[in-house]
Number of protein chains: 2
Amino acid sequence: MATTTAAQRREQAKRDYDAFLDRCPTRELLSRLTDKWVALVIPALADGPRRHSELAGRIAGVSQKMLTQTLRTLERDGLVTRTVTASVPVRVDYELTPLGHELFPVMIAIKNWAETHMDQVFQARAQFDARP
Amino acid sequence: MATTTAAQRREQAKRDYDAFLDRCPTRELLSRLTDKWVALVIPALADGPRRHSELAGRIAGVSQKMLTQTLRTLERDGLVTRTVTASVPVRVDYELTPLGHELFPVMIAIKNWAETHMDQVFQARAQFDARP
DNA sequence: CAGGATCCTTTCTGATACTG
DNA sequence: CAGTATCAGAAAGGATCCTG
């Protein structure tokens with residue numbers, strides 16, 4: 001009997017999709033994932049649900065517009081849930097979905113890479129800029 | 001005697017830098033790394049040196065301008081080397097530096113994630129768009 | 001082949017002002 | 001509090017033309 005595990009389906013997907021190809025829908029998904037705000041919002045939600053204002057506080061410098069816009073896209077893509085609690089004032093919580101949790105390791109990896117290799121990049125830039 | 005290993009220095013860097021903070025230089029580095037073309041160029045260079053035209057062929061749809069621009073930035077940041085062979089016509093090869101090789105796992109992870117979860121994202125979008 | 005320089009269009013992003 | 005709507009400047013991206 002033909003049973004398909006999640007792992008097998010992913011193997012299949014890996015063969016069917018290729019972001020190197022133009023036209024491939026993964027190209028569009030890739031461009032959504034490679035977003036500064038996504039790389040900050042996903043890690044910010046790692047420890048559990050957070051309110052809009054909490055996220056705005058955690059992610060310094062993000063505008064209200066970009067935060068909302070990013071959260072909406074993440075919600076549509078199934079990475080985040082949005083829960084509204086009817087009260088006065090309204091309370092809205094965002095939380096990672098299982099799919100969002102799967103993305104988390106990837107996002108935190110980029111953030112960590114930037115933080116741990118900043119000095120090396122600085123050195124490289126200095127060298128590059130100093131050459132004739 | 002005080003010796004510092006690379007691992008220790010990275011631990012230190014992790015404490016000193018925080019991309020959640022505005023003003024932190026890692027925020028700028030993060031925005032450079034979260035770039036669609038970077039996520040394609042780094043994996044395209046994983047197997048060894050590649051010429052400009054080879055990369056353009058591999059990464060379908062990239063314009064000459066964006067490819068050159070991306071490679072320049074990667075070179076400046078110490079992730080890629082650019083080697084010119086004086087011949088007619090000129091031959092230019094790009095290759096990952098050790099630092100670039102360290103970034104590779106992170107970049108391929110994003111690309112793979114997009115390819116293996118495309119279907120789930122499609123489903124999530126369909127559900128989101130179908131709701132009242 | 002590689003890539004600099006330009007022009008032009010699209011997208012992004014950050015204020016600002018206004019609701020339930 | 002958590003948005004929506006709008007506007008204008010900035011940046012990204014693509015197409016084209018030209019050079020060593």
Side-chain angles (χ1 to χ4, degrees), chain A residues 19-24 27-41 44-45 49-77 80-95 128 131-132, chain B residues 19 21-23 27-41 44-45 49-77 80-95 128 131-132:
Chain A
F20 278 136
L21 304 177
D22 205 4
R23 309 291 183 83
C24 183
R27 181 69 71 85
E28 185 264 356
L29 178 57
L30 186 67
S31 72
R32 282 187 190 280
L33 297 178
T34 53
D35 178 297
K36 175 180 50 175
W37 300 124
V38 170
L40 292 172
V41 167
L45 288 172
R50 288 287 181 276
R51 303 183 61 172
H52 185 281
S53 52
E54 292 178 312
L55 290 172
R58 188 76 201 282
I59 305 168
V62 66
S63 67
Q64 178 268 328
K65 177 185 172 180
M66 290 315 298
L67 182 55
T68 299
Q69 187 176 300
T70 303
L71 288 166
R72 281 288 177 287
T73 305
L74 292 176
E75 188 193 3
R76 187 170 107 93
D77 288 351
V80 159
T81 57
R82 177 172 178 271
T83 310
V84 182
T85 306
S87 59
V88 182
V90 176
R91 177 196 176 92
V92 181
D93 286 278
Y94 294 93
E95 186 171 13
F128 184 91
R131 70 189 197 183
Chain B
L21 305 177
D22 204 7
R23 309 291 184 81
R27 181 69 71 85
E28 186 264 356
L29 178 56
L30 186 67
S31 71
R32 283 186 189 281
L33 297 178
T34 52
D35 178 297
K36 175 180 49 175
W37 300 124
V38 170
L40 292 171
V41 167
L45 288 172
R50 289 286 181 278
R51 304 183 61 174
H52 185 282
S53 52
E54 292 178 311
L55 290 172
R58 188 76 201 282
I59 305 167
V62 66
S63 67
Q64 176 267 323
K65 176 185 171 179
M66 289 316 297
L67 183 55
T68 299
Q69 187 175 300
T70 302
L71 288 166
R72 279 290 174 289
T73 305
L74 292 176
E75 188 193 2
R76 187 169 108 92
D77 287 351
V80 159
T81 57
R82 178 173 178 270
T83 310
V84 181
T85 306
S87 60
V88 182
V90 174
R91 178 194 176 92
V92 181
D93 286 277
Y94 293 93
E95 187 173 11
F128 184 91
R131 69 188 198 183

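Residue numbers start from 1 in every chain, and the chains themselves are labelled A, B, ... in the order their sequence lines are given, proteins ahead of strands.
In this structure the side chain of A:Leu45 never reaches within 4.5 angstrom of the side chain of A:Leu74, judged on heavy atoms. Side chains of A:Leu40 and A:Val62 form no contact here, defined as non-hydrogen atoms less than 4.5 Å apart. Between B:His52 and B:Leu67 there is a side-chain heavy-atom pair separated by less than 4.5 Å. At least one side-chain heavy atom of B:Arg32 sits under 4.5 Å from a side-chain heavy atom of B:Glu28. Counting heavy atoms from C-beta outward, A:Arg72 and A:Thr68 have side chains that approach closer than 4.5 Å. Looking only at side-chain heavy atoms (C-beta outward), A:Val38 and B:Thr34 stay at 4.5 Å or farther from each other.
Atom CZ in A:Arg27 sits roughly 13 Å away from atom C1' in D:dG13 (whole-Å rounding). Going from atom OH of A:Tyr94 over to atom P of D:dA2 covers 8 Å, rounded to whole Å. Going from atom CD of A:Glu54 over to atom P of D:dC1 covers 11 Å, rounded to whole Å. Atom pair A:Arg82:CZ and D:dC1:P shows a separation of 16 Å (rounding to whole Å applied). Put simply, CG on B:Leu55 is 12 Å from C1' on C:dA2, counting in whole angstrom units. Computed from coordinates, the A:Arg51 CZ to D:dG3 P distance equals 10 Å when rounded to whole Å. In this structure, B:Ile59 places its CD1 atom 15 Å from C1' of D:dG13, rounding to the nearest Å.
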Pairs: protein N or O with nucleotides 9-15 of chain C N or O, under 3.5 Å:
residue, atom, partner, partner atom, Å
C:dT13, O4, A:Lys65, NZ, 3.4
C:dG14, OP2, A:Ser63, OG, 3.4
C:dG14, O6, A:Lys65, NZ, 2.4

Report, one pair per line, the protein and nucleotides 17-20 of chain D atoms (nitrogen or oxygen only) whose separation is under 3.5 Å.
none

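The distance from the CG atom of A:Leu21 to the CD1 atom of B:Ile59 is 11.5 Å, given to the nearest 0.5 Å. To the nearest 0.5 Å, atom CZ of residue A:Arg82 and atom CZ of residue A:Arg76 are 15.5 Å apart. With rounding to the nearest 0.5 Å, the separation of OG1 in B:Thr81 from CG in B:Leu71 is 10.5 Å.
When atom types are taken as modelled, the side chain of B:Arg27 and the backbone of A:Ala60 share a donor-acceptor pair closer than 3.5 angstrom.
Relative to the axis of its first five pairs, the axis of the last five pairs of the helix from C:dC1-D:dG20 to C:dG20-D:dC1 sits at 40°, rounded to 10 degrees.
Each of C:dA2, D:dA2, C:dG4 was ranked by its minimum atom distance to the side chain of B:Thr68; first place goes to C:dG4.
Side-chain nitrogen and oxygen atoms of A:Ser53 include at least one within less than 4.0 Å of the OP1 or OP2 phosphate oxygen of D:dA2. Regarding contacts with the backbone of C:dG4, a side-chain N or O of B:Arg72 is found under 4.0 angstrom from either OP1 or OP2.
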Requested in this report: Please assess A:Glu95 against A:Asp93 for the test side chain to side chain contact (heavy atoms under 4.5 Å, CB included), listing each intermediate value before the final yes or no.
Outcome: CA-CA 7 Å; A:Glu95 186 171 13; A:Asp93 286 278; over 6 Å; no
